[in-house]
Amino acid sequence: MAETSTKTAAFVGRSEIVPEKGRLIVDIGDRTIGIFRVGGKLYAYENLCPHQGGPACQGRIVPRVRENIDAQQLAHGMRFDEDELHVVCPWHGAEYQIKTGQHVTVPQLRLHGFEVEERGGEIYVLV
Ligand code: FES
């Protein structure tokens, strides 16, 4: 681990260990952290659901469901939005946006995020 100002850059592994739309769960110190890649960018969160402490980062990764609504407000079925991926906590189904850690409907629920860096083909989480 390398020290940055007040945080430590913990080496996680080579970049290819987290593929696009993939995830890696790692233990760093006394924390378990989920690392995701969406649109080429990495996101890292503590694997601890703010609802009741479940392993939120280990849940199913799903695209957001959007409804097709026309100008007259008529619904024309639903579609998956592959640009917005969510992770669903396996304990009670809380659904979080991977790009923000925010619960999709409850503003008070947000995953605890960590900065994550990719340099020289390697991934580091700042803890
Ligand atoms: S602990 Fe995650 S949804 Fe309840």
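Whatever order the structure lists ligands and atoms in, that order sets their numbers, starting from 1. Keep in mind that the numbers below use all heavy atoms, side chains included, and drop hydrogens, waters and symmetry copies.
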Atoms of ligand 1 less than 4.0 Å from [X] heavy atoms?
X: Ala94; answer: 3 (S)
X: Trp91; answer: 1 (S)
X: Gly54; answer: 1 (S)
X: Cys89; answer: 1 (S), 2 (Fe), 3 (S)

Fill in: N, O or S of His92 under 2.8 Å from atom 4 (Fe) of ligand 1
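Yes, within the cut-off.
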Discussion item. Looking at atom 4 (Fe) of ligand 1, is there an N, O or S atom belonging to Cys49 that lies under 2.8 Å away from it?
Written reply: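 Checking Cys49: none of its N, O or S atoms is under 2.8 Å.
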Worksheet item: Nearest to atom 4 (Fe) of ligand 1, which N, O or S atom of His51 do we find?
Response: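 Result for His51 and atom 4 (Fe) of ligand 1: ND1.
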Practice prompt. Check the pair Lys41 / Glu118 against salt bridge (Lys or Arg N to Asp or Glu O under 4.0 Å), numbers first and verdict last.
Written response: CA-CA 9 Å; Lys41 192 169 184 311; Glu118 197 164 24; over 6 Å; no
Worksheet item: Just wondering, more than 12 heavy atoms not from Glu115 lying within 6.0 Å of its CD?
Response: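 Atom CD in Glu115 is not crowded, with 12 or fewer foreign heavy atoms closer than 6.0 Å.
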Worksheet item: CZ of Arg79: more than 12 outside heavy atoms within 6.0 angstrom?
Response: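 Atom CZ in Arg79 is packed in, count exceeds 12.
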Discussion item. Distance to the ring centre below 6.0 angstrom and angle to the axis at most 45 degrees; does that hold for Arg37 and Tyr43?
Written reply: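 No, a cation-pi geometry is absent between Arg37 and Tyr43.
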Worksheet entry | Result of checking His103, Glu84, Gln102, Arg64 against Gln97 for side-chain hydrogen bond (donor to acceptor under 3.5 Å, both in side chains) |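 It is Glu84; the other options fail the test.
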Worksheet item: Closest approach of Ala56 and Leu111, non-hydrogen atoms and distance?
Response: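 Heavy-atom minimum between the residues: CB-CD2, 3.8 Å.
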